[in-house]
Trainee: 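Below you'll find the structure I mean.
Position 1 is the first residue of the sequence, and the numbers go up from there.
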Amino acid sequence: MLHHVDTRSRVSEWQRRLLSAVAALLAFETLTGLAIYLLPFSVPNQVTVLLHTLIGLGCVLPYAWYQLRHWKVYRERQLTHVKLTGYFSLVAVSALVVSGIVLAWQAMWGRRISYGWDLAHIIGTFAFLASVLPHILSLVYYARRGTADGALELRRAQRRFGRRTLYATLALGAAIAIGSLAYRPVRLVN
């Protein structure tokens, strides 16, 4: 009976809309951050920088709310590699939030952004990926191994989470495409 209750609570956690919203925001921030870092200067990348900054700042409170709740639910559980990678991802996101706020401040009111804070933001991105992917993928893997009705319900909840996260991330990405198409650069006359 305890296993059934535990499965039901895990299914409930995967179905939370706040989880999907925060996951989509983090996926968008990660993908746009990598695009800013790896792609050449262009109008779409300029729009990406703007939306990455605005959505990143808007993501801080929902992430903090979700993470505090998530920690309260799971803090009493045994320390496993899943829990440890979750803590690592929390530290990485904390570094991303601090460095992102500093970079946004510097970009808006400074003469330039500092190399150190930019590097901290980039390292934080890769640390986040290195911790959150094993955190989530191991949970999905363990759910795939189960055969009981509860495991099937858990896998369905994970698939719904994945679809909601993907669709929300794509919708945010569409904003970059729309912004890029709507932008009309100034024509220079030499």
Trainee: To the closest 0.5 Å, what do you measure between OG (Ser9) and CG (Leu154)?
Mentor: 9.5 Å

Trainee: Counting C-beta onward and ignoring hydrogens, is there a side-chain heavy-atom pair between His81 and Pro134 closer than 4.5 Å?
Mentor: no

Trainee: Between Thr165 and Gly162, is there a donor-acceptor pair closer than 3.5 Å when you use the side chain of the first and the backbone of the second?
Mentor: no

Trainee: Quick one: are Thr85 and Ser89 in side-chain contact, heavy atoms under 4.5 Å?
Mentor: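 A side-chain contact is absent here, since even the closest heavy-atom pair is not under 4.5 Å.
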
Trainee: Going through the distances and angles, do Arg69 and Glu13 end up as a side chain to side chain contact (heavy atoms under 4.5 Å, CB included)?
Mentor: CA-CA 11 Å; Arg69 189 198 165 285; Glu13 289 301 312; 2.9 Å; yes

Trainee: Might you point out which heavy atoms bring Leu18 and Pro62 nearest each other, and give the distance in Å?
Mentor: CD1-O, 4.3 Å

Trainee: Are Leu50 and Val102 joined in one hydrophobic group, where the rule is that I, L, V, M, F, W and Y side chains link up if heavy atoms are under 4.5 Å apart?
Mentor: no

Trainee: For Thr53 and Ala104, work out which heavy atoms get closest and say how close.
Mentor: CG2-CB, 3.9 Å

Trainee: If we ignore hydrogens and angles and just use 3.5 Å, is the side chain of Arg144 paired with the main-chain N or O of Arg155 as donor and acceptor?
Mentor: no

Trainee: So His70 and Tyr66, would you call those rings parallel, tilted or perpendicular, with 30° and 60° as cut-offs?
Mentor: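 His70 vs Tyr66 ring planes: parallel.
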
Trainee: At what distance, to the nearest 0.5 angstrom, does OG of Ser99 lie from CD of Gln106?
Mentor: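 So the gap between those two atoms works out to 10.0 Å.
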
Trainee: Decide yes or no for Phe28 and Leu51: does some side-chain heavy atom of the first lie under 4.5 Å from some side-chain heavy atom of the second?
Mentor: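 In short, these two side chains touch, coming nearer than 4.5 Å.
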
Trainee: Are Val98 and Leu103 in one and the same hydrophobic cluster, where Ile, Leu, Val, Met, Phe, Trp and Tyr link if side-chain heavy atoms are under 4.5 Å apart?
Mentor: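 Shared cluster, yes.
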
Trainee: With sequence neighbours excluded, give me every ring-ring contact (aromatic ring centres under 6.0 Å, His included) pair touching residues 156-175.
Mentor: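 The answer is Trp14-Phe161.
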
Trainee: Decide yes or no for Gln67 and Leu90: does some side-chain heavy atom of the first lie under 4.5 Å from some side-chain heavy atom of the second?
Mentor: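 Yes. Closest side-chain heavy atoms under 4.5 Å.
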
Trainee: If you count the non-hydrogen atoms of other residues, nucleotides and ligands that lie under 6.0 Å from CZ in Arg77, is the total more than 12?
Mentor: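 Correct, the count exceeds 12.
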
Trainee: Would you say Ile101 ends up clustered with Trp109 if hydrophobic residues are merged whenever their side chains have heavy atoms under 4.5 Å apart, either directly or through other cluster members?
Mentor: no

Trainee: Same cluster or not: are Leu170 and Leu34 linked, directly or through other Ile, Leu, Val, Met, Phe, Trp or Tyr residues, by side-chain heavy atoms under 4.5 angstrom apart?
Mentor: no

Trainee: With rounding to the nearest 0.5 angstrom, report the CG to CG distance, Leu26 to Leu129.
Mentor: 10.5 Å

Trainee: Let me confirm one number: the CG-CZ distance from Leu96 to Phe128, rounded to the nearest 0.5 Å.
Mentor: 7.5 Å

Trainee: Find the distance between CD1 (Ile176) and CG (Leu181) and round it off to the nearest 0.5 Å.
Mentor: 12.0 Å

Trainee: Sort and list the pairs that fulfil side-chain hydrogen bond (donor to acceptor under 3.5 Å, both in side chains) and have at least one residue in residues 38-52, not counting sequence neighbours.
Mentor: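 Pairs touching residues 38-52 that pass the test: Glu29-His52, Thr32-His52.
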
Trainee: So, for Ser180 and Pro44, which heavy atoms are closest and what is the spacing to 0.1 Å?
Mentor: OG-CA, 3.1 Å

Trainee: Are Val82 and Ile136 connected in a single hydrophobic cluster, I mean Ile/Leu/Val/Met/Phe/Trp/Tyr linked by side-chain heavy atoms less than 4.5 Å apart?
Mentor: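 Ile136 and Val82: one cluster.
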
Trainee: If you apply the rule side chain to side chain contact (heavy atoms under 4.5 Å, CB included), what do you find for Leu172 with Leu25, and how did you get there?
Mentor: CA-CA 8 Å; Leu172 290 168; Leu25 290 168; 4.1 Å; yes

Trainee: Is it true that, when you exclude Arg17 itself, more than 12 heavy atoms of the residues, nucleotides or ligands shown sit nearer than 6.0 Å to its CZ?
Mentor: no

Trainee: Any chance you could measure Ile36, atom CD1, to His121, atom NE2, to the nearest 0.5 Å?
Mentor: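 Between Ile36 CD1 and His121 NE2, I get 7.5 Å after rounding to 0.5 Å.
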
Trainee: Atom OH of residue position Tyr37 - does it have more than 12 heavy atoms of other residues, nucleotides or ligands inside 6.0 Å?
Mentor: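 Atom OH in Tyr37 is not crowded, with 12 or fewer foreign heavy atoms closer than 6.0 Å.
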
Trainee: What's the shortest heavy-atom distance between Gly86 and His135, and which atoms?
Mentor: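 Heavy-atom minimum between the residues: N-ND1, 3.3 Å.
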
